[in-house]
Amino acid sequence: LGAKPFYYSTHKDQVYISSNIGLFLENNFSNRNLNHNFVNLYLNSHPKCVFGRSETIFSDIVSFPPNYYLEINSNLSINRVKFYDKKDFLLKNFKRNISNNSFEKNIETIIRNSTTKKKYKKIACSSSGGIDSAVVLHSMNKIFQRKVDTFTLAFDDKYNYDETKSSKLLAAKFTNRHNIINIKFKNLVKDLGNIYDYLDVPVCTASFYGFYYLYKIISQKKYDAIVTGFGGNNINSGFYPSFLFNFLDIKKKNELQKEIKQWIKIHNTKQNPKSLKIFQKFVNSHYDKNVPGKILDKIFYLNNKNVFLKKVKKRKIRRNNDLINFGNYLNSYHYYALINDSVAQSVDIEDSIEWLNDVEIISPLIDKSLISYGFSLNRLKKINNGINRIEIRNRYKGKIPKQILENIHTEGFKLPINMWMRKELKNYLLKIINSTQFRKIGIFNIKNIKIIFKEHFDKKNDNSMNIWSIINFYFWFLKWKPKI
């Protein structure tokens, strides 16, 4: 699954392998040349179009993708060999090996195995207040026969982003000591000044910075293990696009119309409207109409203004032989999301935090057996009547708080970065892009960047993801000083 980062490079007749890019740079095992294609995608497109693939930010360092093993011959030629059966996904280390116990029992077994493999002195759980956190806490209480400590991120009261109310509901039932960690824009400003002393890859999104901040605080309190509910979306169709790809698998016209109607009724909001037109627009370029179950590796550009000074041809679809066609669009999408949109974006941050703070981050819901179990579930046990996570909601009735189980609108650890950028961070951001140091880097299209920032400040567009990439690349560049 790619739960840990893995990089390799050949340099002066030697092959070097590491879990972090910094080793290559600090020991001069790299020419430090920027990979312009990677940088262009990082600055201009959604992170799921960037991470989880073989390319890295340096031209001579390769990221080892999931589902491969490495062969190095005596002449130093490197072969990447797939270890799964593309037809049925029954593979040596991704094989479904879960017993026929109940869904709850299977999850409990995985969590027990992952949390008792070592004798942890002090263990905590990060809680977003959602179903996945509730499932993990419920299982941990049964395993340890006691309540555990939990930590939740919170923001300023004026921003209705955090889920502290839900986390308090979980705390009342499952928690020994519940800790609410407040994060402010000042924390971000402070961390941006030194975060790349420790991280050698630009942080992909503000949400993952939130994880970084939370895990850093927990480790400072001398916990040696942090258990998370990360990855549960892959088991029970917890992503927003899951609904859309599910529609593609419905063959009966009446059933499809009913499901779309319920999706609109339940999930339509002023900020995020839902309609048949939106569904059709989304999927038209996301799947192969001639091959059932085959999705496309579409590149999502965040803006029509290129922020990379060098002109790079924009590709709409990328050839990706690593995507597996499961014969249905929902599972094919979840595999794509697993490899490119969740695990791949977190591994570098988690690995660095573990190494720096001597703490282990445990995410049992991305265990290969549970993921495979999720793939094996019938479609109607994942999404039905406009509601997702059907299996978990049914299995945990009476075991986790009803308000949590029936909540269909969750955000997780989502920082109010778009609002911060328009208010508290505005002068800070303008100071950076107007600085001589920013211009001297020589790879930014300053004119387009200023337009993107102004559009965001004026509330014409939400360009916060674009701005995040630009600012983080800038600070990363200052630290690691790559060759252009």
Side-chain angles (χ1 to χ4, degrees), residues 34-51 55 57 159 161 185-186 188-189 191-193 195-196 201-210 270-273 278 281-282 285 298-318 345 414-480 482 484:
L34 273 181
N35 179 345
H36 287 182
N37 183 57
F38 183 96
V39 174
N40 175 58
L41 287 175
Y42 176 78
L43 292 174
N44 290 296
S45 67
H46 193 283
K48 64 185 173 185
C49 308
V50 184
F51 297 92
E55 281 189 297
I57 201 163
Y159 298 123
Y161 271 66
F185 75 95
K186 291 179 181 178
L188 174 59
V189 172
D191 278 338
L192 281 175
I195 194 172
Y196 292 109
V201 176
V203 180
C204 54
T205 67
S207 293
F208 281 103
Y209 164 72
K270 189 176 181 180
Q271 276 189 321
N272 298 293
I278 286 174
K281 182 180 179 182
F282 178 87
S285 57
K298 179 179 170 62
I299 298 177
F300 298 83
Y301 291 101
L302 301 174
N303 204 293
N304 60 6
K305 298 173 182 63
N306 186 17
V307 302
F308 193 37
L309 191 59
K310 182 178 179 180
K311 289 186 178 180
V312 179
K313 186 178 179 180
K314 282 190 174 183
R315 295 174 292 167
K316 292 184 179 180
I317 304 294
R318 174 168 39 199
Q345 297 177 33
K414 182 180 177 182
L415 268 67
I417 193 67
N418 58 340
M419 297 184 183
W420 281 354
M421 286 176 173
R422 285 177 177 142
K423 289 185 174 182
E424 294 91 338
L425 291 174
K426 181 178 179 180
N427 291 335
Y428 170 76
L429 296 172
L430 286 172
K431 185 177 180 180
I432 290 173
I433 65 171
N434 288 321
S435 68
T436 302
Q437 196 172 34
F438 187 83
R439 290 197 304 273
K440 280 186 176 180
I441 286 180
I443 68 166
F444 292 125
N445 186 321
I446 304 296
K447 180 181 177 182
N448 283 347
I449 284 176
K450 288 185 175 181
I451 293 173
I452 288 170
F453 277 57
K454 190 174 188 307
E455 284 178 349
H456 186 78
F457 297 150
D458 294 344
K459 299 183 180 181
K460 291 181 179 178
N461 283 314
D462 184 350
N463 293 332
S464 55
M465 193 172 281
N466 244 154
I467 295 171
W468 176 266
S469 297
I470 293 165
I471 297 302
N472 274 268
F473 181 82
Y474 165 72
F475 281 106
W476 174 88
F477 191 99
L478 294 183
K479 164 61 184 176
W480 294 103
I484 299 175

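Computed from a prediction, not measured in an experiment: that's the story for all the values here.
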Report task. First locate atom NZ of Lys426, then atom NE2 of His456, and finally report the distance between them rounded to the nearest 0.5 Å. Result -> 10.5 Å

Query - Closest contact, heavy atoms only, Ile452 versus Lys305 - result: CD1-O, 3.9 Å

Report task. Dump the intermediate steps for side-chain contact (heavy atoms from CB on, under 4.5 Å) on Glu455 and Asn303, then the final yes or no. Result -> CA-CA 11 Å; Glu455 284 178 349; Asn303 204 293; 3.8 Å; yes

Report task. Spell out, as yes or no, whether a donor-acceptor pair under 3.5 Å connects the side chain of Arg422 to the backbone of Asp458. Result -> no

Query - Ile57 CD1 to Asn35 CG distance, which is reported to the nearest 0.5 Å - result: 8.5 Å

Report summary line: Closest heavy-atom pair, Pro202 versus Phe51, reported as atoms and distance to 0.1 Å, is O-CZ, 4.1 Å

Query raised in the report: Side-chain contact, heavy-atom cut-off 4.5 Å: Lys450 with Ile433?
Result: yes

**Report entry** Shortest non-hydrogen separation from Leu415 to Ser207 and the atoms involved
**Finding:** N-OG, 4.5 Å

Requested in this report: Compare all side-chain heavy atoms of Tyr428 with those of Leu192 and state whether any distance is below 4.5 angstrom.
Outcome: yes

Query raised in the report: CD1/Ile470 to CZ/Phe453 distance, rounded to the nearest 0.5 angstrom?
Result: 5.0 Å

Query raised in the report: Closest approach of Leu43 and Ser469, non-hydrogen atoms and distance?
Result: CD2-O, 3.9 Å

Report task. Carefully, step by step, assess Glu424 and Lys186 under the rule salt bridge (Lys or Arg N to Asp or Glu O under 4.0 Å). Result -> CA-CA 9 Å; Glu424 294 91 338; Lys186 291 179 181 178; over 6 Å; no

Query raised in the report: How long is the span from the OG atom in Ser464 to the CE atom in Met419, to the nearest 0.5 Å?
Result: 10.5 Å

Requested in this report: Answer yes or no: is there a side-chain heavy-atom contact under 4.5 Å between Phe185 and Ile417?
Outcome: no

Requested in this report: Step by step, work out the ring-ring contact (aromatic ring centres under 6.0 Å, His included) result for Phe444 and Phe308.
Outcome: CA-CA 5 Å; Phe444 292 125; Phe308 193 37; 8.5 Å; no

Report summary line: To the nearest 0.5 Å, atom CD1 of Ile441 lies from atom OG1 of Thr436 at 12.0 Å

Query raised in the report: Taking C-beta and beyond as the side chain, do Leu425 and Ile467 meet within less than 4.5 Å on heavy atoms?
Result: no

Requested in this report: Would you check if there is a donor-acceptor pair between the side chains of Asn445 and Lys310 at a distance under 3.5 Å?
Outcome: no

Query raised in the report: Can you find a pair of side-chain heavy atoms, one from Ile299 and one from His46, that are under 4.5 Å apart?
Result: no

Query raised in the report: Under 4.5 Å between any side-chain heavy atoms of Ile484 and His36, yes or no?
Result: yes

Query raised in the report: How about Pro47 and Tyr42: do any of their side-chain heavy atoms sit closer than 4.5 Å?
Result: no

Report task. Considering non-hydrogen atoms only, spot the tightest contact between Val50 and Ser45 and give its length. Result -> CG2-OG, 3.7 Å

Requested in this report: Assess the side chains of Tyr196 and Asn472: does a donor N or O sit below 3.5 Å from an acceptor N or O?
Outcome: yes

Report summary line: Note: Val203 and Tyr209 closest approach over all heavy atoms is CG1-N, 3.9 Å

Query raised in the report: Going by distance alone, is a donor N or O of one side chain under 3.5 Å from an acceptor N or O of the other, for Asn44 and Asn306?
Result: yes

Query raised in the report: How far does CD1 of Ile471 sit from CG of Asn466, to the nearest 0.5 angstrom?
Result: 11.0 Å

Requested in this report: Tell me, with the steps shown, if Ile195 and Phe475 meet side-chain contact (heavy atoms from CB on, under 4.5 Å).
Outcome: CA-CA 9 Å; Ile195 194 172; Phe475 281 106; 5.9 Å; no

Query raised in the report: Does the side chain of Met421 reach to within under 4.5 Å of the side chain of Asn418, using non-hydrogen atoms?
Result: no

